[in-house]
Amino acid sequence: MANVDPTYSGNTSKLFPEIPPVHFEIMEDYSSGYTKKDIAVRKGISRQAVARMLKECSDVFECESVEHVRVVYLNRRLKYFPL
């Protein structure tokens with residue numbers, strides 16, 4: 001059985017040229033299961049800033065809700081980095 005290393009990010013930011021690197025980092029953390037509050041503490045920014053960046057990502061990828069950003073991230077990551 002193949003395993004995915006959840007700590008490996010490699011060049012995954014190149015999979016998302018539509019968004020700036022800081023948005024990618026927020027999207028990656030959110031998709032990894034961190035809450036907006038956890039991300040804010042880790043990055044040293046406000047929860048509102050995290051929510052705003054996730055909303056911008058959601059808008060760029062035309063998601064129905066912010067939660068769907070996780071699906072976009074995981075879909076692209078698994079597509080280009082097969083198990």
Side-chain angles (χ1 to χ4, degrees):
M1 174 193 272
N3 292 318
V4 175
D5 180 2
T7 62
Y8 173 79
S9 63
N11 290 325
T12 53
S13 62
K14 292 181 181 179
L15 292 174
F16 299 93
E18 306 95 327
I19 58 174
V22 68
H23 283 64
F24 167 75
E25 291 174 10
I26 299 295
M27 183 174 156
E28 183 175 41
D29 286 347
Y30 187 69
S31 298
S32 297
Y34 290 100
T35 64
K36 293 173 188 172
K37 181 180 177 182
D38 293 337
I39 297 168
V41 170
R42 292 182 71 203
K43 301 289 184 187
I45 58 177
S46 69
R47 277 190 270 179
Q48 292 82 7
V50 171
R52 181 182 46 79
M53 285 187 242
L54 288 170
K55 175 66 174 130
E56 290 171 4
C57 290
S58 175
D59 293 343
V60 167
F61 298 115
E62 300 178 2
C63 297
E64 290 182 22
S65 69
V66 171
E67 287 76 23
H68 293 149
V69 166
R70 289 182 172 131
V71 176
V72 172
Y73 173 81
L74 293 171
N75 187 29
R76 283 201 193 178
R77 175 130 184 214
L78 291 175
K79 181 177 179 181
Y80 292 103
F81 293 96
L83 300 177

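In this structure the side chain of Cys57 never reaches within 4.5 angstrom of the side chain of Ile26, judged on heavy atoms. His23 is not listed as a side-chain neighbour of Glu18, based on a closest heavy-atom distance of 4.5 Å or more. Under the 4.5 Å side-chain criterion, counting only non-hydrogen atoms from C-beta, Lys43 is not in contact with Val50.
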Notebook entry, point to check: Which is it for Met53 and Phe24 under the side-chain contact (heavy atoms from CB on, under 4.5 Å) test, yes or no, and what are the steps along the way?
Noted result: CA-CA 9 Å; Met53 285 187 242; Phe24 167 75; over 6 Å; no

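For the atom pair CE (Met27) and OG (Ser58), the distance works out to 10.0 Å, reported to the nearest 0.5 Å. One distance of note links CZ of Arg42 with OG1 of Thr35; it measures 10.5 Å at 0.5 Å rounding. Residue Leu54 holds its CG atom at 9.0 Å from CD of Glu67, rounded to the nearest 0.5 Å. Atom CG of residue Asn75 and atom CG of residue Leu15 lie 10.5 Å apart, to the nearest 0.5 angstrom. Within the model, atoms OG of Ser65 and NZ of Lys55 stand 9.0 Å from one another, a figure rounded to the nearest 0.5 Å.
The two residues Arg47 and Ala40 have their closest heavy-atom pair at N-CB, 3.8 Å. Between Tyr30 and Ile39, the shortest heavy-atom contact is N-CD1, 3.5 Å.
Using cut-offs of 30° and 60° on the angle between ring planes, the pair Phe16 and Tyr73 is parallel.
Criterion: ILVMFWY side-chain heavy atoms under 4.5 Å apart, direct or through other members. Under it, Ile19 and Val72 are part of a common hydrophobic cluster.
With a 6.0 Å radius and a threshold of 12 heavy atoms from other residues, nucleotides or ligands, Phe61 has its CZ atom above the threshold. Within 6.0 Å of CZ in Arg76 there are more than 12 heavy atoms belonging to other residues, nucleotides or ligands.
Of the possible polar contacts, one joining the Ser32 side chain to the Glu28 backbone as a donor-acceptor pair under 3.5 Å is found.
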